[in-house]
Amino acid sequence: MQIILGITGGVAAYKSAELARLLANQGHRVRCILTEAGSRFITPLTLTSLTGEPCYGANPDQGEWRAQPSIEHIELARWADLVAVVPATANILGKAANGLASDLLSTVLLATQAPVLWAPAMNTGMWDHPAVQANLQRLRSFGHAVVEPAAGIMACGEEGTGKLADVAAIAEAIQVHGTPKLRCLNGRRVLITAGPTREDLDPVRTLTNRSTGAMGIELARAFRDVGAQVQLVLGGDLAAPWGVETVRVRSAQQMLEACEARWADADGLVAAAAVADQRPEALSPEKVKKSDGIETLNLVRTPDILAQLSGRKRSDQWVLGFAAESEKHLEHAKAKLEKKGLDAVLVNDVQHGKAFGAQANALTPVTAQGAQPTLGPLPKDQLARAVVQWWGHRLDLRQD
Ligand code: CTP
């Protein structure tokens, strides 16, 4: 994405440097525009160094400068896929809400067709003022997104709402607001299972697997970004993604129950979880003591969540499964597709320890028509987006 990051005059301006770096590291191109007041808190040199792109706007000693005064605001407005103002003062909110354009940032905001996102930061009294709230209301009515400030102790010493939201959350909101929505997934409810499950033997021991849940979490983000209402049923320890309703579970049975409660209302299921296939026959309330000689552990099967939900699939619902295979990939995937009644199986090659915990990965979709071109190898966030685009395209074809 090509992002214009507007930085206005507030103490939180130093956090926009961290945001600029985070967005650049995520592969976005970031061009900063400083207002005159913003440039008193942070320098263009800091921002160009972090983004590798020019920084526009103000020089505190010379007022505002422009390389090409007449058309620069139009070029930047066209260049942007999204304009984010972080931190946004009461002043810039008031200007933008009322169509005032008196410097580079406010002219870009008026000229751009791109989505706009605000992350305000100001004193609590200013934030609560009806004029500021009315301006925000107006900006929301233009389709702009607002990442609300957090509560806490502010630089002025007062306590209340007005602190800039968490930088990572702002980056996620930028991703959501700046991603074009997919017609067939926008507003649709998608249930996603992710992560490993854990089957306890006793209070200290557990049976699990090497999955981290990273791919399922990236899929949740990718479906969220194209407009789906995602419900994530998550095992393991990774943090839940921002803006996704997440239910945390431990065992396969808990995962099944959480999914069953949500399946009837869902449009689709993505079963990305690495569910333990077996669990100990009995859960010991006390720690099991070791004994001499060969020790045995009786295992019983866990429920197959994907098979159970797919078995109750209505004709308007769709189901995507995963298959981790180390040999005869397509043959096994085809068998899974048919046995579990799936719309597609995404085949993960786990030969030689690939996939689990790895940064980059590849998936081959297999449908009733056979193997489709492999997606990747790509980092997991990009691979998740590729899966969503691939599946969105197929859903579109079905609807037409
Ligand atoms: N799955 C599930 N519940 C289980 C087991 C698997 O929902 N108890 C889902 C996984 O999330 C994945 C797919 O089923 O989408 C994997 O299918 P599965 O047949 O379990 O694959 P493998 O475990 O690789 O099976 P096998 O050992 O038979 O190859």
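Because the structure is a prediction, the values reported are computed rather than measured. Atoms within a ligand are numbered from 1 in the order they appear, just like the ligands themselves.
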Run the numbers on Q137 and Q133 for side-chain hydrogen bond (donor to acceptor under 3.5 Å, both in side chains), then give the verdict.
-> CA-CA 6 Å; Q137 196 55 35; Q133 291 302 320; over 6 Å; no
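Using a heavy-atom distance under 4.0 Å as the criterion, the protein contacts of ligand 1 are A271, A273, V275, D277, T302, P303, D304, I305, L306, G321, F322, A324, K336, K340.
Enclosure of atom CD in E286 is not indicated, since only 12 or fewer non-hydrogen atoms of other residues, nucleotides or ligands lie within 6.0 angstrom. By the 6.0 Å contact criterion, NZ on K181 is enclosed, its count of non-hydrogen atoms from other residues, nucleotides or ligands being greater than 12.
Residue I33 is tested with V108, T107, V83 for a side-chain contact (heavy atoms from CB on, under 4.5 Å); the sole match is V108. Evaluated for a side-chain contact (heavy atoms from CB on, under 4.5 Å) with M122, the options L164, L93, D128 yield exactly one hit, L93.
Cluster membership check: L337 shares its hydrophobic cluster with V319, using side-chain heavy-atom separations under 4.5 Å among Ile, Leu, Val, Met, Phe, Trp and Tyr.
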